[in-house]
Amino acid sequence: MVRPLQPGLLPVLDRSRYLERIRCEGAVVADLESLRRLQRQHLLHVPFENLDIHTNRLLSLETIALFAKLVERRRGGFCYELNSLFAWLLAELGFEVHVLSARVVGSDGRPGPEFDHMTLLVQLEQRWLVDVGFGESFREPLRLDSRQPQTDGHASHRVVRRRRATFTLERQASNPAWIPQYVFTLQSRRRDEFEP
């Protein structure tokens, strides 16, 4: 359920406070080095948590409500919340960012429903998959158009084009096997499409 905002409780949207929340110091510009630093810092300081879902709390995907929860109250969130607000921050900093729908692959190897997960595409000189809301995932942006494994010092991932417009994010397990994480297309989505 989506909660309407109460005007007396609205925080001021201030990107410097968001940067302080994720402990991202120094100059931030719309380049790959800053994007890597932003994603890493976000993952280190804003946890994935879905407590509100399990306690049946009313949720809002409005930027101001997300800012209040994640920045003001220093809470964590789930993919829609984390990636929605991170997309806002990236856009505020001058990045070209697109919200994408992804279908999480279950233990049976089948993708879940559309809008099962929200992920981001950032366009720099190249296209980058960015995600701060998938739990145990990649710590740095992944180059979308590379077929080679990409490592962040923690794990190896790759983005595989399955069909002309469909991609799969895969993670390498401790053995040589690649495990599919989620399937997505590059169709830009609006945040309100995730609300149902």
Side-chain angles (χ1 to χ4, degrees), residues 22 32-33 35-54 59 61 70 75-87 89-90 95 97-189 191 193-196:
I22 64 174
L32 181 57
E33 179 183 334
L35 183 62
R36 284 185 171 132
R37 188 163 40 108
L38 287 162
Q39 179 168 327
R40 192 177 323 108
Q41 290 299 108
H42 199 288
L43 288 168
L44 289 173
H45 300 288
V46 183
F48 177 92
E49 58 112 313
N50 56 10
L51 298 173
D52 289 344
I53 294 171
H54 297 293
L59 302 172
L61 292 182
L70 302 176
R75 290 273 312 276
F78 66 103
C79 66
Y80 298 173
E81 296 172 313
L82 298 171
N83 281 322
S84 285
L85 194 60
F86 195 55
L89 176 65
L90 293 176
F95 289 93
V97 59
H98 302 271
V99 172
L100 306 178
S101 169
R103 300 166 60 204
V104 176
V105 177
S107 58
D108 62 358
R110 294 181 180 182
E114 196 67 57
F115 301 105
D116 195 24
H117 176 65
M118 177 190 289
T119 192
L120 305 173
L121 171 70
V122 173
Q123 178 72 55
L124 294 168
E125 290 181 14
Q126 298 175 340
R127 301 183 299 182
W128 296 89
L129 184 65
V130 174
D131 199 330
V132 295
F134 194 63
E136 188 178 354
S137 188
F138 52 99
R139 294 181 180 179
E140 294 186 357
L142 297 176
R143 202 169 105 211
L144 183 69
D145 298 308
S146 173
R147 301 298 166 245
Q148 300 302 314
Q150 301 173 61
T151 186
D152 58 12
H154 173 69
S156 292
H157 292 83
R158 67 183 181 187
V159 180
V160 179
R161 183 177 285 186
R162 296 293 181 197
R163 286 174 268 154
R164 185 170 42 155
T166 303
F167 297 83
T168 301
L169 169 66
E170 296 180 337
R171 183 174 199 261
Q172 190 169 35
S174 55
N175 58 37
W178 287 91
I179 309 298
Q181 303 288 287
Y182 55 75
V183 176
F184 62 99
T185 69
L186 302 184
Q187 180 180 351
S188 288
R189 300 294 190 163
R191 189 173 43 204
E193 292 181 87
F194 292 84
E195 287 183 1

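Sequential numbering from 1 along the given sequence is applied to the chain's residues. Computed over heavy atoms, backbone and side chain alike; hydrogens, waters and symmetry mates excluded.
- Taking the salt bridge (charged side-chain N to carboxylate O under 4.0 Å, His left out) definition, one finds that Arg37 meets it with nothing, sequence neighbours left out.
- For the atom pair Gln172 CD and His157 NE2, the distance stands at 10.0 Å (nearest 0.5 Å).
- Residues Leu82 and His42 form a side-chain contact, since some pair of their non-hydrogen atoms from C-beta on lies under 4.5 Å apart.
- Interatomic distance, CZ of Phe167 versus CG of Leu129, reported as 10.0 Å (0.5 Å rounding).
- Nearest heavy-atom pair across Ala155 and Arg171 is CB-NH2, 3.6 Å.
- A ring pair (Phe, Tyr, Trp, His ring centres under 6.0 Å) check over residues 100-119, counting only residues at least two apart or in different chains, returns the pairs Phe115-Phe194, His117-Phe134, His117-Tyr182.
- Nearest approach of Cys79 to Gly133, heavy atoms of both residues: CB-O, 3.1 Å.
- If you take OH on Tyr80 and CG on Asp116, they are separated by 6.5 Å, rounding to the nearest 0.5 Å.
- With Trp128 as reference, Leu32 is the one residue of Leu32, Leu120, Val97 to meet the side-chain contact (heavy atoms from CB on, under 4.5 Å) rule.
- The nearest pair of heavy atoms linking Glu170 to Arg158 is OE1-NE, 2.6 Å.
- Applying the side chain to side chain donor-acceptor pair (under 3.5 Å) test to pairs two or more places apart or on separate chains, those with a residue in residues 100-109 are Ser101-Glu114.
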Go through Val159 and Arg143 one step at a time and tell me if the side chain to side chain contact (heavy atoms under 4.5 Å, CB included) criterion holds. CA-CA 8 Å; Val159 180; Arg143 202 169 105 211; over 6 Å; no
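- The two atoms that bring Leu169 and Ser137 nearest to each other are CD2-OG, 4.5 Å, heavy atoms only.
- Of all the heavy atoms in Val46 and Gly76, the pair that sits closest is CG1-CA, 4.3 Å.
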Leu85 vs Glu81, test: side chain to side chain contact (heavy atoms under 4.5 Å, CB included). Steps then yes/no. CA-CA 6 Å; Leu85 194 60; Glu81 296 172 313; over 6 Å; no
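- In terms of modelled atom types and a separation under 3.5 Å, the side chain of Gln150 and the main chain of Glu140 share no donor-acceptor contact.
- Between the Arg191 side chain and the Leu61 main chain, a donor and an acceptor come within less than 3.5 Å of each other.
- In this structure, OG1 on Thr168 lies 4.5 Å from CZ on Arg162, to the nearest 0.5 angstrom.
- For the pair Val99/Met118, a side-chain contact is recorded, criterion being any heavy-atom separation below 4.5 Å from C-beta on.
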Let me see the working for Asp152 and Leu142 under side chain to side chain contact (heavy atoms under 4.5 Å, CB included), right down to the final yes or no. CA-CA 9 Å; Asp152 58 12; Leu142 297 176; over 6 Å; no
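- To the nearest 0.5 angstrom, Leu144 atom CG is 5.0 Å from Arg127 atom CZ.
- Side chains of Leu38 and Phe95 form a contact here, defined as non-hydrogen atoms less than 4.5 Å apart.
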Side chain to side chain contact (heavy atoms under 4.5 Å, CB included) assessment of Leu70 paired with Phe86: CA-CA 10 Å; Leu70 302 176; Phe86 195 55; over 6 Å; no
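- The structure places OG1 of Thr185 at 10.5 Å from CG of Leu121, a figure rounded to the nearest 0.5 Å.
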